[in-house]
Engineer: 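The structure under discussion is supplied below as structure tokens; questions concerning it will follow.
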Amino acid sequence: MDFFEELRWRGMLKDSTPGVEEAFKAGKVTAYIGFDPTAPSMTIGNYVQIMLLTLLQKSGHQPVVLMGGATGRIGDPSGKDKERQLKSFEELDSNLQHQVKQMEKFLNFTEGDNKAILANNLDFYKEMNILDFLRDVGKTLTVNYMMSKDSVKNRLETGLSFTEFSYQLLQAYDFQMLFKEYGCTVQMGGSDQWGNITSGTEFIRRNLSEKAFAVTTPLLTKADGTKFGKSESGNIWLDPEKTTPYQFYQFWINADDRDSPTFMRYFTLKSKEEVEALEKEYADNPRGLKAILAEELTRRVHSDEDFEAVLKVSELMFNKKVDSEMVKQLDLKTLNAIAKEIPSYQVPKSTLDGQINILDLLTEQTDILESKSAAKRAIKNNAISINKVKATSEDITVSSADLIHDRFLFLDNGKKNKMIIEAV
RNA sequence: GGGGGUGCGCCGCAGUUGGAGAGGCGGGAUGGACUGUAAAUCCAUUGUUUCGGCUGAGUAGGUUCGAAUCCUACCACCCCCA
């Protein structure tokens, strides 16, 4: 199965320019996706695009990762209804480096004749002055053409700075540069990038009289209509420092059953036959299917060891048979492993020497809950457990005697929010 | 530049002849029950507090026994005209 067919059955194909399918069939194609370093880590939203490159490389084509060292300084108006806040150069640089490191985990940059190429569009512009830009880049497209793009049209009412308006010129010129330097003929991206990508194919047609192609993926939406990639507590990052492997795993486990078919296609590297066989096998066990997905992704994005650890912790935390007595029997090694995975809070040991009120523990010593009222509410609603014992009254106190191994305290807020408090 | 409108809890709306606001509806969110750590459904909660209160209708003043409501200035956003 070739790359294009692969995208099609996975449902990852939204639009493409004519001729691209033939181009992929004809031989090795070099294709790129751009990533602006607006955050210190990639999210699972970005991961859709990484999967595109992964699948591309797997089918023998050559991926190019273009980091937006320059475009990140400008801000892409696509899909945004407001002008962006500019980020400092230092922040962008450090973000870029983190993201490159993450990329290296998913693509092969070192071996083979289709090893991935890393480029930074800052290199295209840092020697360029404003006159060069206006003559060589700006002259290619008319303002009329640029204004017809959705990303611009949608902002005409609310406002769009010249800076963001110019973004599509940069992205278009990027494509032209990559075409010249690496023979890169395809740019891929999310469907919100369609306008910017086609500006690029237009550049190549006008300035180089060559043909280049665009491929976009549909915007991934969840069954409940909320934005993909966010949990209640925020973004799901690929960086274990920002989203622990446990939280990452839980994200997939907690996904809506109805999203499983989409997620299976978007995020696993399994073949069509394997996916379809699994779906048949797990038709009556949607949780099992999600577990398979969660496992594959946790192993790939984090590591085998992380997955093993996460699985152990998850089973322990969610096993209903685990009661107060059992958690007290846990050995120190296991506890330390758990503390690494689930959100943990450090509390000075001295504060636990006396009796500390549960409300103070929840609000003042930690920021598990934002106010005393919220803490009282949670207790009233039967949400809080300490060491697997429900807190039944707001007068309950905690002391060092409750600590397991003189160090840890399990705290649940609701069914899913498991935390550990560590006395230091 | 001129004219008009809007501004309250996480969000969107109601609500005014000036009469008790922690306060209606809808959504969201959180918790609980049932399940499966899913969905749907149902229930509860949704400013804060030392449980006495305190704070609260864009901001700052003013009128008044009493202001979300009336007046003045300013700020922000929206609409119309130029």
Side-chain angles (χ1 to χ4, degrees), chain A residues 81-83 85 154-160 221-228 230-236 243-264 267 278-279 281-295 297-298 307 310-323 338 341-343 355-386 388-397 410-420:
Chain A
D81 55 5
K82 274 204 288 276
E83 187 80 9
Q85 190 70 38
N154 295 341
R155 289 276 294 277
L156 288 180
E157 295 252 316
T158 52
L160 171 76
T221 50
K222 291 196 285 181
D224 61 7
T226 58
K227 203 176 165 189
F228 172 76
K230 302 240 178 184
S231 72
E232 307 78 54
S233 45
N235 261 319
I236 302 293
T243 299
T244 65
Y246 167 84
Q247 290 165 323
F248 181 86
Y249 179 82
Q250 288 293 324
F251 170 81
W252 299 105
I253 292 291
N254 282 318
D256 194 313
D257 288 357
R258 291 169 295 176
D259 285 323
S260 281
T262 321
F263 290 176
M264 286 298 285
F267 295 105
L278 280 171
E279 280 176 346
E281 187 185 343
Y282 285 91
D284 299 326
N285 180 12
R287 291 170 64 225
L289 194 61
K290 285 193 283 188
I292 289 173
L293 180 71
E295 172 176 346
L297 279 159
T298 309
F307 167 71
V310 160
L311 190 66
K312 246 190 229 155
V313 171
S314 294
E315 277 174 356
L316 191 69
M317 298 312 288
F318 285 96
N319 188 340
K320 290 200 175 63
K321 286 197 198 109
V322 174
D323 60 10
I338 295 173
E341 293 296 341
I342 66 177
Q355 300 276 312
I356 179 168
N357 181 271
I358 184 162
L359 296 176
D360 292 328
L361 183 69
L362 289 167
T363 56
E364 281 166 36
Q365 300 302 322
T366 63
D367 53 1
I368 294 169
L369 290 165
E370 59 282 358
S371 71
K372 292 230 165 119
S373 306
K376 283 186 188 177
R377 222 176 284 140
I379 291 170
K380 204 175 121 214
N381 287 338
N382 237 357
I384 304 292
S385 297
I386 288 180
K388 301 278 168 194
V389 181
K390 284 263 183 242
T392 48
S393 143
E394 53 194 64
D395 299 325
I396 283 178
T397 56
F410 283 97
L411 206 145
D412 298 3
N413 175 17
K415 244 188 312 202
K416 289 187 218 166
N417 308 310
K418 318 278 189 189
M419 285 149 285
I420 200 158

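In what follows, every chain begins at residue 1, and chains take the letters A, B, ... in the order their sequences are listed.
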Engineer: With respect to the phosphate group of B/A44, does any side-chain polar atom (N or O) of A/K380 fall under 4.0 Å of OP1 or OP2?
Structural biologist: no

Engineer: What's the gap between B/U55 and B/U49 when it is taken at their C1' atoms, as a whole Å value?
Structural biologist: 10 Å

Engineer: What's the gap between B/C10 and B/G47 when it is taken at their C1' atoms, as a whole Å value?
Structural biologist: 12 Å

Engineer: Taking only the side-chain nitrogens and oxygens of A/S373, find out if one of them lies under 4.0 Å from OP1 or OP2 of B/U46.
Structural biologist: no

Engineer: To the nearest 0.5 Å, how far apart are CG in A/L369 and NZ in A/K376?
Structural biologist: 13.0 Å

Engineer: B/U37 pairs with which nucleotide, Watson-Crick or G-U wobble, both distances below 3.5 Å?
Structural biologist: none

Engineer: Can you tell me which nucleotide in B/C51, B/U50, B/G32 comes closest to the side chain of A/N382?
Structural biologist: B/G32

Engineer: Is A/N417 near enough to B/G31 that one of its side-chain N or O atoms lies under 4.0 angstrom from OP1 or OP2?
Structural biologist: yes

Engineer: Give me the distance, rounded to whole Å, that separates B/C77 from B/C42 when you measure between the C1' atoms they each carry.
Structural biologist: 41 Å

Engineer: Using 30° and 60° as the class limits, which term best fits the ring planes of A/W252 and A/F263: parallel, tilted or perpendicular?
Structural biologist: perpendicular

Engineer: Both distances below 3.5 Å, Watson-Crick or wobble geometry, any strand: find the nucleotide opposite B/C42.
Structural biologist: B/G32

Engineer: Under 4.0 Å, heavy atoms only, any strand: does A/D256 hit a base, just the sugar-phosphate, or nothing?
Structural biologist: sugar-phosphate

Engineer: Describe the nucleic acid contact of A/A378 in one word from base, sugar-phosphate, nothing, applying a heavy-atom distance below 4.0 Å.
Structural biologist: nothing

Engineer: Quick one: label A/K415 by what it contacts on the DNA or RNA (base, sugar-phosphate, nothing), any heavy atom closer than 4.0 Å.
Structural biologist: base

Engineer: Which nucleotide, in any strand shown, forms a Watson-Crick or G-U wobble pair with B/C54, with both distances under 3.5 Å?
Structural biologist: B/G47

Engineer: Does any nucleotide pair with B/G7 by Watson-Crick or G-U wobble geometry, both distances under 3.5 Å, and what is it?
Structural biologist: B/C75

Engineer: Look at the side-chain N and O atoms of A/R377 and state whether any lies under 4.0 Å from the OP1 or OP2 oxygen of B/G32.
Structural biologist: no

Engineer: Using a cut-off of 4.0 Å on non-hydrogen atoms, how would the nucleic acid contact of A/A374 be classed: base, sugar-phosphate, or nothing?
Structural biologist: nothing

Engineer: Quantified in whole Å, what is the C1' atom distance between nucleotide B/C34 and nucleotide B/U69?
Structural biologist: 47 Å

Engineer: Could you give the distance separating B/C25 and B/C8 at their C1' atoms, to the nearest angstrom?
Structural biologist: 15 Å

Engineer: Report the residues that fulfil side chain to side chain contact (heavy atoms under 4.5 Å, CB included) with A/K390, sequence neighbours left out, ordered by chain and then residue number.
Structural biologist: A/N382, A/S385

Engineer: Distance check, rounded to the nearest 0.5 Å: A/L316 atom CG versus A/E341 atom CD?
Structural biologist: 12.5 Å

Engineer: Atom CG in A/D257, atom NZ in A/K290: separation rounded to 0.5 Å?
Structural biologist: 4.0 Å

Engineer: Sort out the partner of B/C65 for me: Watson-Crick or G-U wobble, both distances under 3.5 Å, none otherwise.
Structural biologist: B/G19

Engineer: If you look at every strand shown and take non-hydrogen atoms under 4.0 Å, does A/K418 touch a base, only sugar-phosphate, or nothing?
Structural biologist: nothing

Engineer: Check this one for me: any side-chain N or O of A/K320 less than 4.0 Å away from OP1 or OP2 of B/U37?
Structural biologist: yes

Engineer: Where does B/G52 land, syn or anti, given syn is within 90° of 0?
Structural biologist: syn

Engineer: Between B/U72 and B/G24, how far is it from one P atom to the other, in whole Å?
Structural biologist: 32 Å

Engineer: Measure from the side chain of A/F318, starting at C-beta and using heavy atoms only, and say which of B/G36, B/U37, B/C51 lies closest.
Structural biologist: B/U37

Engineer: Say you draw a straight line from NZ of A/K416 to CE of A/M317; how long is it, rounded to the nearest 0.5 Å?
Structural biologist: 14.5 Å

Engineer: What interatomic distance, in whole Å, is found between C1' of B/U63 and the corresponding atom of B/G18?
Structural biologist: 11 Å

Engineer: Just to be sure I understand the rule, does A/D257 reach a base, reach only the sugar-phosphate, or reach nothing, if contact means heavy atoms closer than 4.0 Å?
Structural biologist: base

Engineer: My understanding is that a pair needs two contacts under 3.5 Å, Watson-Crick or G-U wobble. By that rule, which nucleotide pairs with B/G1?
Structural biologist: B/C81

